[in-house]
Amino acid sequence: MRPLLLALGCVLAACSPKTNIVTLPPGVVELDRPMEVASNTSLRGDPAGTIIRAKDGFEGAALILCRNVANVRIENITLDGNREAVGQRIEMAPSDVPFARFYPNNGILAVNARNLLIADLRIGEIANFPILVSASSGVLIERVKVKASGSHNRRGRNNTTGGILLEEGTGDFQVLDSEFRGIRGNGVWTHSLYTSPRNGGGRIAGNFFERIGRDAIQIGHAISIDVSDNAGREIGFPVEEVDMEARAIPVAIDTAGNVENTRYLRNRFEEVNGKCIDLDGFHHGEVRENQCVNSRPPESYPHGNFGIVMNNSNPDMQSEKIQIVGNVMDGMLFGGIFVIGSGHVLEGNKLLNLNTAQCNENAAKFGCYYAPGEPDMLQSGIYLGKGAERPAPARNNVIRDNEISGFRMQRRCIAFAPGIRPDANYVERNICREQGK
């Protein structure tokens with residue numbers, strides 16, 4: 001196979017706009033080093049089926065490399081990363097190092113790419129990231145099936161790897177109609193260093209996630225992203241993959257950094273061992289018609305949490321003007337929505353079967369006292385807090401026409417942190433009832 005690999009490498013490197021279609025041979029193509037793709041190349045698998053597989057001694061950043069390229073298409077190929085042979089335990093990248101420079105043994109690595117299409121791929125057993133796109137634009141990833149990928153840290157927990165990552169200011173991107181199963185880390189996510197441009201102008205839609213160890217979707221350090229019509233089940237499973245030493249509570253749709261002008265719309269998830277939607281850094285955006293349903297006993301969710309949680313870890317943002325409308329949170333271990341900041345609208349949400357942990361009566365079993373001096377936090381349906389990572393008292397928020405049910409919810413429906421006056425927010429026409437009534 002070695003002469004064939006050298007020949008393929010020469011063909012790809014020599015491709016010009018006039019000779020840009022490369023069809024790989026049928027069967028298994030084994031690599032011991034990366035295959036580099038030049039600009040104006042269409043790399044295709046044979047109609048009979050092409051598998052690109054990492055040899056036991058493979059060394060390199062990825063099976064397929066796209067560096068400083070434009071107008072590249074990669075289609076109809078199976079990638080086998082041979083994870084058991086080439087993978088190793090590795091920590092999460094330091095906060096000042098792009099992931100593209102840190103993790104080896106990826107599937108496809110694209111850096112500074114323009115007009116990149118990746119479609120109809122089947123990817124499995126990748127040690128780190130099946131697809132990692134960094135500092136790029138005009139990226140379309142669609143109809144990709146990813147399974148059984150990602151590595152562990154030294155404690156045997158997930159280290160974020162295993163799915164698709166877009167980082168370092170990647171813009172004008174779409175991840176559509178793809179499947180992710182058995183992913184140790186995050187399914188699809190954006191990330192950039194604090195000092196780097198934010199990712200922007202993206203769409204993540206129509207994807208399915210099953211058995212994800214960290215977050216199904218994470219929007220990090222971004223602007224103008226639509227996350228819509230995705231679905232999934234068993235987020236935060238298997239339990240032993242969860243990186244609780246780093247407090248990486250699994251989330252169906254997570255947020256990090258400074259995120260604005262972004263929408264989470266009509267996403268559906270079942271069996272979430274964590275939070276449904278985390279809004280840490282999210283502001284001036286919309287969360288509409290999403291649904292999370294947990295139907296198992298509370299003991300099945302050792303990392304279970306609230307349905308929707310606001311936070312403000314990033315110093316460049318304030319939790320302001322979020323529309324949380326028409327969502328369904330059913331069977332959450334604790335409460336329905338945790339609120340900080342101002343100018344939010346919480347309207348027409350159905351927060352059902354809440355507090356399955358039965359806090360605070362069952363505190364010895366489920367650890368219901370999270371914040372000192374705030375005993376109502378985990379036992380209420382909607383909790384208006386005084387802040388999270390930084391002070392941000394809940395005020396001038398509209399909370400109306402929500403349906404709230406669950407353990408003791410008739411009495412604990414809407415609660416206020418110490419120092420938060422009820423008349424500082426507009427609370428009206430909410431329906432509060434006990435479970436089963």
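Along the sequence shown, residues carry numbers from 1.
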Salt bridge or not for Lys147 and Glu179, using N-O below 4.0 Å?
-> no
Decide yes or no on side-chain contact (heavy atoms from CB on, under 4.5 Å) for Leu132 and Phe99, but give the supporting numbers first.
-> CA-CA 8 Å; Leu132 201 171; Phe99 283 36; 4.2 Å; yes
For the residue pair Phe129 and Tyr103, is the inter-centroid distance of their aromatic rings smaller than 6.0 Å?
-> yes
Do Glu241 and His152 have a side chain donor and acceptor closer than 3.5 Å?
-> yes
Consider only side-chain N and O atoms of Asn353 and Asp330, and report whether a donor and an acceptor are under 3.5 Å apart.
-> yes
With side-chain contact (heavy atoms from CB on, under 4.5 Å) as the test, would you mind laying out the steps for Ile74 and Cys66 before giving the verdict?
-> CA-CA 10 Å; Ile74 303 172; Cys66 305; 3.9 Å; yes
Distance-only side-chain donor-acceptor flag, Asn71 / Ser39, under 3.5 Å = no
Are any of the side-chain nitrogens in Arg67 or Glu36 under 4.0 Å away from the carboxylate oxygens of its partner?
-> no
Atom of Leu352, atom of Ser405 and distance for their closest heavy-atom approach | CA-OG, 3.4 Å
Check the pair Tyr383, Val339 against side-chain contact (heavy atoms from CB on, under 4.5 Å), reporting the backbone distance first and the verdict last.
-> CA-CA 6 Å; Tyr383 187 78; Val339 182; over 6 Å; no
Distance-only donor-acceptor check, side chains Asn76 and Arg44, under 3.5 Å | no
Stepwise side-chain hydrogen bond (donor to acceptor under 3.5 Å, both in side chains) test for Asn105 and Asn128 = CA-CA 6 Å; Asn105 300 317; Asn128 288 309; over 6 Å; no
Can you tell me if Asn159 and Ser151 form a side-chain donor-acceptor pair at under 3.5 Å?
-> yes
Distance-only polar pair, side chains of Asn312 and Asp280, donor-acceptor under 3.5 Å = no
Classify the side-chain pair Asn327/Asn290 by whether it contains a donor and acceptor separated by less than 3.5 Å.
-> yes
Criterion side-chain contact (heavy atoms from CB on, under 4.5 Å) on Tyr301 and Phe366, from CA distance to verdict = CA-CA 10 Å; Tyr301 314 101; Phe366 288 100; over 6 Å; no
Carboxylate-amine/guanidinium proximity below 4.0 Å for Glu271 and Arg296 | yes
Distance-only side-chain donor-acceptor flag, Glu167 / Ser134, under 3.5 Å = yes
OH/Tyr370: more than 12 non-hydrogen atoms of other groups inside 6.0 Å = no
For side-chain hydrogen bond (donor to acceptor under 3.5 Å, both in side chains), just list the numbers for Asn82 and Asp56, CA-CA rounded to whole Å, side-chain angles, deciding distance to a tenth of an Å, and then say yes or no.
-> CA-CA 7 Å; Asn82 194 11; Asp56 286 2; 2.9 Å; yes
Does a side chain donor of either Asn258 or Asp316 reach within less than 3.5 Å of an acceptor in the other side chain?
-> no
Taking atom types as modelled, is there a side-chain donor on Asn230 or Asn207 under 3.5 Å from an acceptor on the other?
-> yes
Would Phe282 and Tyr264 count as a close aromatic pair, with their ring centres under 6.0 Å?
-> yes
Which is it for Glu59 and Arg33 under the salt bridge (charged side-chain N to carboxylate O under 4.0 Å, His left out) test, yes or no, and what are the steps along the way?
-> CA-CA 5 Å; Glu59 293 184 0; Arg33 58 186 174 83; over 6 Å; no
Do Phe306 and Phe334 have ring centroids that are under 6.0 Å from one another?
-> no
So, Asn360 and Gln379: side-chain donor and acceptor under 3.5 Å apart, yes or no?
-> yes
Arg263/Asp226 salt bridge by N-O under 4.0 Å criterion = yes
Do we see a donor-acceptor contact under 3.5 Å between the side chains of Asn199 and Ser192?
-> yes
Test: Arg53 and Asp80 ion pair at under 4.0 Å = yes
Does the pair Glu30/Lys55 count as a salt bridge with the N-to-O cut at 4.0 Å?
-> no
Can you spot which of Asp243, Asp215, Asn186 makes a side-chain contact (heavy atoms from CB on, under 4.5 Å) with Thr160?
-> Asn186
